[in-house]
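Numbered from 1 within each chain, the chains take letters A, B, ... in sequence-line order. All values below come from the heavy atoms of this structure, side chains included, with hydrogens, waters and symmetry mates left out.
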Number of protein chains: 2
Amino acid sequence: MPRSSMHLKPVPRPATDYTSPTYWNGLIKMSLSKFFILNALYQQPMHGYEIARTVEEMTRGCCSPGEGTIYPVLKDFEAGGYVTVMSEMVQGRERKVYALTELGRQAFRVAVSSWMDVTRCLKESEAMLDAEAPSETPDTCCR
Amino acid sequence: MPRSSMHLKPVPRPATDYTSPTYWNGLIKMSLSKFFILNALYQQPMHGYEIARTVEEMTRGCCSPGEGTIYPVLKDFEAGGYVTVMSEMVQGRERKVYALTELGRQAFRVAVSSWMDVTRCLKESEAMLDAEAPSETPDTCCR
DNA sequence: TATAATACATCGATGTTCGATGCATAGGAG
DNA sequence: CTCCTATGCATCGAACATCGATGTATTATA
């Protein structure tokens with residue numbers, strides 16, 4: 001028996017499947033959670049749990065940050081002065097309603113602007129594909 | 001002197017500036033390096049160093065993955081069968097020319113498709129901003 | 001009396017990228 | 001002749017973002 005297979009072969013690293021939409025959606029999500037949280041709050045003040053559902057709906061499931069993401073981010077936003085918090089009790093349950101400050105609104109505008117830049121680049125990538133294989137765009141949205 | 005300030009105050013965490021384009025561009029970059037590397041190779045086979053310059057140009061500086069990103073990624077792509085490598089010597093310098101396999105091309109098409117989904121969501125976010133403050137889009141691109 | 005939905009919060013694990021560092025050659029500036 | 005820049009590959013620790021599991025608690029529903 002080869003010695004190398006006896007010890008310390010923890011996990012062979014399943015090798016990422018780059019042809020899986022799941023992979024790319026996960027990766028994309030990685031840089032959009034904060035963006036969409038700001039986006040939701042830009043529409044109106046709301047509490048953490050509501051943000052989760054709002055973003056889910058807004059992005060049609062493309063990007064739905066988990067609670068493990070949302071609450072730490074909100075805490076960070078609060079510490080930086082991007083949101084203010086109002087605690088309220090509704091039917092015995094605590095609710096922390098977050099509202100964007102002017103600084104928070106400014107942050108979101110910058111974020112949109114930055115994303116628009118890359119969006120243009122992405123459009124060009126799509127155009128390149130369309131040029132060789134026209135008529136695509138199945139509009140499946142994340143599945 | 002308060003004891004808590006004597007020990008273990010490593011770095012106060014400078015607090016992220018979410019109103020800085022630099023922050024958002026950095027975050028965005030985070031999920032687009034692999035995408036643009038595939039994009040470059042989709043156009044034609046090239047070597048690592050060339051990929052860096054091509055992506056830089058392609059994205060007008062929006063997303064320029066460093067070498068510390070590119071080489072590990074290429075190695076990963078090779079291991080997964082997404083690219084093939086041809087080593088050549090040019091003027092005494094080694095060059096490893098990478099070419100996409102059909103699997104690699106497929107991966108890129110999936111990636112584009114996934115990105116198009118979010119692009120639609122981003123468009124809507126921009127539309128929301130434009131509704132309240134029309135005539136923006138300065139087209140500064142990353143600065 | 002479970003179960004689901006609401007609502008908050010934390011923590012370790014995973015994955016992505018950066019920046020520094022290292023090696024090596026070629027060519028031009030001083 | 002030596003320094004610096006550009007080319008070209010490669011690695012590694014640190015920083016950061018997000019997930020998934022876990023925990024607490026209340027209310028409504030089955």
Side-chain angles (χ1 to χ4, degrees), chain A residues 10-11 13-18 20 22-38 46-56 62-78 85-98 111, chain B residues 10-18 20 22-38 46-56 62-79 85-98 111:
Chain A
V11 177
R13 258 272 257 170
T16 317
D17 178 12
Y18 292 109
S20 156
T22 308
Y23 167 76
W24 291 101
N25 287 320
L27 184 52
I28 288 167
K29 208 176 184 173
M30 205 168 149
S31 51
L32 277 168
S33 289
K34 284 200 180 70
F35 177 88
F36 281 121
I37 291 172
L38 286 179
M46 55 182 87
H47 59 274
Y49 200 78
E50 204 179 349
I51 292 175
R53 279 183 286 108
T54 301
V55 173
E56 171 102 39
C62 283
C63 174
S64 32
E67 305 188 3
T69 301
I70 290 179
Y71 291 113
V73 166
L74 287 174
K75 183 171 283 191
D76 189 41
F77 281 168
E78 191 191 351
V85 198
M86 281 282 290
S87 200
E88 63 178 36
M89 287 294 278
V90 175
Q91 292 176 317
R93 290 193 217 92
E94 189 198 13
R95 269 187 186 176
K96 284 172 136 183
V97 178
Y98 296 85
Chain B
V11 177
R13 259 272 254 171
T16 316
D17 178 12
Y18 292 110
S20 157
T22 308
Y23 167 77
W24 290 102
N25 287 320
L27 184 53
I28 288 168
K29 208 176 185 174
M30 206 168 147
S31 52
L32 277 167
S33 289
K34 285 202 178 71
F35 178 87
F36 281 121
I37 290 172
L38 286 178
M46 55 182 87
H47 59 274
Y49 200 77
E50 204 179 351
I51 292 175
R53 278 183 286 109
T54 302
V55 173
E56 171 103 39
C62 285
C63 175
S64 34
E67 305 187 3
T69 302
I70 290 179
Y71 291 114
V73 166
L74 287 174
K75 183 172 281 191
D76 189 42
F77 281 168
E78 191 191 353
V85 196
M86 282 283 290
S87 199
E88 65 178 33
M89 288 294 276
V90 175
Q91 292 177 317
R93 290 193 218 91
E94 190 198 12
R95 270 189 188 174
K96 284 173 133 181
V97 177
Y98 295 84

* To do: Using only side-chain N and O atoms of Lys75(A), determine if any of them is under 4.0 Å from OP1 or OP2 of dT10(C).
  => yes
* When the distance from CD1 of Ile70(A) to P of dC19(D) is rounded to whole Å, what number comes out? -> 9 Å
* Asked: Which residues satisfy the ring-ring contact (aromatic ring centres under 6.0 Å, His included) test with Tyr71(B), sequence neighbours excluded?
  -> none
* Please identify each residue that fulfils ring-ring contact (aromatic ring centres under 6.0 Å, His included) with Tyr49(B), with sequence neighbours left out. => none
* Asked: Once you round it to whole Å, what is the distance between C1' of dA10(D) and CD1 of Ile51(B)?
  -> 14 Å
* Structure fact -> With sequence neighbours left out, the residues meeting side chain to side chain contact (heavy atoms under 4.5 Å, CB included) with Thr54(B) are Ala40(B), Gln43(B), Met46(B), Glu50(B)
* Side chains of Val55(B) and Ile70(B): closer than 4.5 Å at any heavy-atom pair? -> no
* Structure fact -> Separation of dT16(C) atom P from Asn25(B) atom CG, nearest Å, is 20 Å
* Counting only non-hydrogen atoms, which of residues 26-36 of chain A are less than 4.0 Å from DNA chain C? -> Leu27(A), Met30(A)
* Position toward the 5' end of DNA chain D (nearest nucleotide), Tyr23(B) or Gly68(A) -> Tyr23(B)
* Asked: Contact class for Gly66(B) vs. all strands (heavy atom < 4.0 Å): base, sugar-phosphate, or nothing?
  -> sugar-phosphate
* Asked: Can you list the residues that meet the ring-ring contact (aromatic ring centres under 6.0 Å, His included) rule with Tyr98(B), with sequence neighbours excluded?
  -> none
* Can you say whether the rings of Tyr18(A) and Trp24(A) are parallel (under 30°), tilted (30 to 60°) or perpendicular (over 60°)? -> tilted
* Asp76(B) CG - dA10(D) C1' separation (whole Å) -> 15 Å
* Counting distance only, does the side-chain N/O of Ser20(A) pair as donor-acceptor with the main-chain N or O of Thr22(A) below 3.5 Å? -> yes
* Determine whether Ser31(A) and Ile28(B) make a side-chain contact, defined as any pair of heavy atoms from C-beta on separated by less than 4.5 Å. => no
* Asked: Do the non-hydrogen side-chain atoms of Met89(B) and Glu94(B) ever get within less than 4.5 Å of each other?
  -> yes
* Asked: To the nearest Å, how far apart are Gln91(A) CD and dA7(C) C1'?
  -> 12 Å
* To do: Please state how far atom CG in Leu74(A) lies from atom P in dT10(C), giving the value in whole angstrom units.
  => 12 Å
* To do: Tell me what Gly92(A) touches on the nucleic acid: a base, only sugar-phosphate, or nothing, going by heavy atoms under 4.0 Å.
  => sugar-phosphate
Tabulate atom names and distances for all N/O pairs under 3.5 angstrom spanning the protein and nucleotides 5-8 of chain D.
unit_1 : atom_1 : unit_2   : atom_2 : d
dT7(D) : OP2    : Tyr49(B) : OH     : 3.3
dG8(D) : OP1    : Arg95(B) : NE     : 2.8
dG8(D) : OP1    : Arg95(B) : NH2    : 2.7
dG8(D) : OP2    : His47(B) : NE2    : 3.4

